[in-house]
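Predicted model only: the values in this text are computed from it and were never measured. For the numbers below, each heavy atom of this structure counts, side chains included, while hydrogens, waters and symmetry mates do not. All residue numbers refer to positions in the sequence shown, counting from 1.
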Amino acid sequence: MDDRTILGRINELVDEEHRLRTQVQAGGISSDEEQTRLRELEESLDQCWDLLRRRRAARDSGGDPDATSPASRNQVERYLQ
């Protein structure tokens with residue numbers, strides 16, 4: 001996965017987040033359904049941003065960004081803020 005693909009995925013996830021918020025405001029889904037899906041979206045976004053940062057760090061340090069693999073959701077969600 002290259003940087004452009006990762007950024008495209010980030011945009012897709014953000015678009016889905018906006019659709020969810022519109023659906024809940026229109027009464028199309030419950031707020032519980034929205035919250036569940038938003039949590040999943042946030043975790044996916046965290047994974048994408050993490051992978052993008054690690055690819056950029058590899059490139060900046062002379063490494064191969066294509067050798068960087070995505071971290072698991074569990075690992076990314078346990079990072080200290």
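When every heavy atom of Ala71 is checked against every heavy atom of Val76, the shortest pair comes out as CB-CG2, 3.6 Å. Contact between Gln47 and Arg73 at its shortest, heavy atoms only, is OE1-CG, 3.1 Å. What you find for Thr68 and Ala58 is that their closest heavy atoms are OG1-CB, 3.9 Å. Taking each heavy atom of Cys48 and Ile6 in turn, the nearest pair found is O-CG2, 3.5 Å. Minimum interatomic distance between Ser44 and Leu13 (heavy atoms only, all atoms of both residues): CB-CD1, 3.7 Å.
A distance of 10.0 Å separates CG in Leu52 from CG in Asp2, rounded to the nearest 0.5 Å. With rounding to the nearest 0.5 Å, the separation of NE2 in His18 from CD in Glu16 is 11.5 Å. In this structure, CG in Leu20 is found 11.0 Å from CD in Gln25, a value given to the nearest 0.5 Å. Atoms CG and CG, from Asp46 and Leu51 in turn, are 12.5 Å apart once rounded to the nearest 0.5 Å. Between Glu42 atom CD and Leu45 atom CG the span is 8.0 Å, to the nearest 0.5 Å. Between the CG atom in Asp3 and the CG atom in Asp66 there is a gap of 8.5 Å [rounded to 0.5 Å].
Partners of Thr36 by side-chain hydrogen bond (donor to acceptor under 3.5 Å, both in side chains), not counting sequence neighbours: none found.
In terms of modelled atom types and a separation under 3.5 Å, the side chain of Arg55 and the main chain of Met1 share a donor-acceptor contact.
Salt-bridge formation is detected for the pair Arg54/Asp50: a Lys NZ or Arg NE/NH1/NH2 atom is positioned less than 4.0 Å from an Asp or Glu carboxylate oxygen.
The shortest distance between side-chain heavy atoms of Glu34 and Gln23 does not fall below 4.5 Å. Within the 4.5 Å cutoff, side-chain heavy atoms of Arg21 are placed close to those of Leu38.
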